[in-house]
Amino acid sequence: MPQVRVRFAPSPTGFFHIGSARTALFNWLYARHTGGVFVLRIEDTDKERNTEEFLNVIYDSLTWLGLNWDEGPKAGGGFGPYRQSERAPIYREYLAKLQAAGRTYEKDGAVYFKISGEPQVIDDAIRGRVERTEEKDFVICRSDGNPVFHFVNVVDDITMQITHVIRGEDHLSNTSKHTELFKAFGAPLPVYAHIPLILKQNGPGKMSKRDQGALVEEYQRRGFLPEALVNFLCLLGWSPKDDSEKMPIAEIIRRFDLPGINQTNARFDEKKLAHMNMTYLLEQPADRFVALARDYFQGQNVTAATAADPAYFRAVMLLSQPKIKGVEELPAYTVYFFIEDFPVDARVRDKVMAKGDPQARLRELAAALTTADFSSDTALEETIKATAAKNGLGFGDYQAVARLAVSGTNVGPGITGMFRVLGRERVLRRIERFLGAA
RNA sequence: GCCCUCAUCGUCUAGAGGUUUAGGACAGGAGAUUCUCAAUCUUCAAACCGGGGUUCGAUUCCCCGUGGGGGCGCCA
């Protein structure tokens with residue numbers, strides 16, 4: 001069997017859609033699974049301004065997702081050029097073939113392709129036999145001389161020797177146009193695999209660029225891990241057929257295959273993506289997590305955090321890593337580590353201050369903390385426990401009020417870790433201030 | 001309107017005629033654990049679109065209907 005050659009052929013519109021990402025992913029996975037070639041081809045037959053900038057959106061998103069291409073812009077390859085805007089001579093040559101064969105005619109300046117009208121049958125790798133008869137001749141060259149999508153798409157697939165066309169189901173009805181052209185050129189048909197579409201989360205229809213969460217760059221900006229998004233995306237329309245969900249990319253590559261792809265459209269579920277992302281976040285090595293967090297804080301312009309001592313920033317992030325669901329929670333989750341005038345949750349304050357004599361407990365604790373060893377969680381724990389035990393109380397009777405005084409909330413990492421990272425000076429100063437204010 | 005396509009819990013899916021009281025995951029409910037909050041663990045609730053066939057037997061095969069999605073551009 002000849003080497004598999006698949007392609008991903010986006011058009012530079014300035015957006016990289018989540019559906020495009022999955023199409024790219026499935027192509028890439030199939031290439032990697034079979035040891036084939038993943039081609040990136042840019043369909044820029046519409047001359048638009050800022051094309052370079054729009055191209056970068058594609059390159060950046062693919063690169064971020066880890067979908068490296070073997071042939072294409074920047075990568076080179078023996079079947080270039082890989083931008084349709086640079087392939088005009090090839091299109092002219094192929095147009096001439098059709099003209100010579102008498103398969104074209106002009107009307108109003110546009111070139112039409114004369115269809116055969118024969119039923120077009122494909123054996124789709126996902127859907128099986130699909131038959132459709134094209135009924136009308138169609139334009140392959142606009143009156144301004146530029147060739148049209150259906151034409152260039154087929155010419156490129158022929159000249160780039162694409163063996164498998166893995167694309168969205170929205171192209172299924174177009175396929176009869178394409179097979180008409182393949183046959184007119186006397187070229188063998190590629191294997192088609194029409195993958196189901198991704199439907200928008202709420203409301204009817206497929207996901208479009210304007211829908212919430214539709215753009216890949218959004219996840220990048222929000223600090224998602226690309227491998228989590230990839231893992232989530234591959235499960236939208238494909239299944240390993242057992243209960244596996246979280247899988248390293250090597251395993252996905254090994255198990256991925258065309259027959260494993262479903263035929264049903266999948267609804268995008270951001271909650272499940274968030275969960276997948278969390279499971280990946282939890283296991284990230286310290287350096288990567290801290291770097292991810294730093295990028296996010298920088299992107300959000302949280303200067304109090306980014307200007308903080310790097311070692312301190314790192315300690316705060318590592319303390320928070322096991323507690324959060326996503327990097328975007330970090331700024332709010334860690335505010336009090338970086339500023340002194342942190343917000344105080346009134347409801348929590350009222351609740352905590354309502355029972356017993358919290359001020360007295362806090363005062364005792366502060367006294368004990370003056371000499372405590374702040375370098376060790378266990379030492380701090382012992383200090384709190386001992387203070388509580390003196391009064392026949394428990395750890396919990398002390399941590400709530402201490403937490404309130406030091407962080408202004410009841411949400412956060414363990415109190416001992418929080419104390420350790422904040423350090424004696426901050427902790428005592430905040431308790432003093434709190435007691436003074438109360 | 002015409003054409004193509006799909007149909008299992010709210011969502012993503014497993015299931016390829018009997019092994020199914022239809023399994024897993026997310027979300028939701030309850031509980032356990034814990035210094036708070038998460039995480040984690042246990043647990044509960046939750047689905048085979050309808051009607052005909054085929055068959056000893058259909059979630060699984062066929063047909064029709066219904067519903068969803070897509071396509072019918074000198075967009076890609």
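Small disclaimer: the values here were computed from a predicted structure and weren't measured. Chain letters run A, B, ... following the sequence lines, proteins first and then strands; every chain starts at 1. Side chains included, hydrogens not; waters and symmetry mates left out as well; all remaining heavy atoms used.
- Within 4.0 Å (heavy atoms only), A:His150 reaches at least one base atom of the nucleic acid.
- Within 4.0 Å (heavy atoms only), A:Glu131 reaches sugar-phosphate atoms of the nucleic acid but no base atom.
- At the heavy-atom level, A:Gly237 lies under 4.0 Å from the strands shown only through sugar-phosphate atoms.
- When both distances must be under 3.5 Å, the Watson-Crick or G-U wobble mate of B:rU33 does not exist.
- Using a 4.0 Å heavy-atom criterion, one finds that A:Asp108 contacts the bases of the nucleic acid, with or without backbone contacts as well.
- Here B:rC72 sits opposite B:rG1 as a Watson-Crick or G-U wobble pair (both hydrogen-bonding atom distances under 3.5 Å).
- Residue A:Ala110 has its side chain nearest to B:rC74 when only B:rC74, B:rC3, B:rC72 are considered.
- On the C1' atoms, B:rA58 is 11 Å away from B:rC48, given to the nearest whole Å.
- In this structure B:rA25 sits in a base pair with B:rU11, meeting the Watson-Crick or G-U test at under 3.5 Å.
- The pair A:Arg5-A:Glu71 counts as a salt bridge, with a side-chain nitrogen and a carboxylate oxygen less than 4.0 angstrom apart.
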Should A:Glu283 and A:Lys246 be marked as a salt bridge (charged side-chain N to carboxylate O under 4.0 Å, His left out) after you check the CA-CA gap, both sets of side-chain angles, and the distance that decides it?
CA-CA 12 Å; A:Glu283 65 180 24; A:Lys246 184 156 176 283; 2.9 Å; yes
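- When the nucleotides B:rC4, B:rA76, B:rC6 are ranked by their closest atom to the side chain of A:Gln263, B:rC6 comes out on top.
- With A:Thr175 as the fixed residue, the side chain to side chain contact (heavy atoms under 4.5 Å, CB included) test singles out one of A:Arg132, A:Glu180, A:Glu134, A:His194: A:His194.
- Pairing for B:rC61 is with B:rG53, a Watson-Crick or G-U wobble pair whose two hydrogen-bonding atom distances lie under 3.5 Å.
- Comparing B:rG23 with B:rC9, their P atoms sit 14 Å apart, to the nearest whole Å.
- With a cut-off of 3.5 Å on both Watson-Crick or G-U wobble distances, the partner of B:rA45 is given as none.
- Not one N or O on the side chain of A:Asn277 forms a donor-acceptor pair closer than 3.5 Å with the backbone of A:Phe224.
- Looking at A:Asp156 and A:Arg87, a side-chain N of the basic residue comes within less than 4.0 Å of a carboxylate O on the acidic one, giving a salt bridge.
- Ion pairing of A:Arg83 with A:Asp44 is present here, as a side-chain N (NZ or NE/NH1/NH2) and a carboxylate O approach within less than 4.0 Å.
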Nucleotides 27-48 of chain B: protein proximity per nucleotide (B base, S sugar-phosphate only, - neither; heavy atom, under 4.0 Å):
S-------BBBBS---------
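- Each of A:Gln84 and A:Gly260 lies near RNA chain B, and the nucleotide nearest A:Gly260 is the one positioned closer to the 5' end.
- The salt bridge (charged side-chain N to carboxylate O under 4.0 Å, His left out) search around A:Glu340 returns A:Arg429, A:Arg430, not counting sequence neighbours.
- Below the 3.5 angstrom threshold, one finds a donor paired with an acceptor across the side chain of A:Ser143 and the base of B:rC74.
- Judged by the 6.0 Å and 45° rule, A:Lys177 forms a cation-pi pair with A:Phe138.
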Pairs: protein N or O with nucleotides 17-23 of chain B N or O, under 3.5 Å:
none

Residues 107-115 of chain A side chain polar contacts: donor-acceptor under 3.5 Å, at least two apart:
unit_1	atom_1	unit_2	atom_2	d
A:Lys114	NZ	A:Gly102	O	3.3

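- Comparing B:rU66 with B:rC56, their P atoms sit 32 Å apart, to the nearest whole Å.
- Residues passing the salt bridge (charged side-chain N to carboxylate O under 4.0 Å, His left out) test with A:Glu218, sequence neighbours excluded: A:Arg222.
- A distance of about 11 Å separates the P atoms of B:rG51 and B:rU59, rounded to the whole Å.
- Side-chain contact between A:Tyr398 and A:Glu364 is present, with heavy atoms from C-beta onward closer than 4.5 Å.
- Residues A:Phe256 and A:Phe26 place their aromatic rings such that the two centres sit under 6.0 Å apart.
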Within the 4.0 Å limit for protein heavy atoms, which parts of nucleotides 63-69 of chain B are touched? Write it as a string from 5' to 3', B for base, S for sugar-phosphate only, - for none.
------B
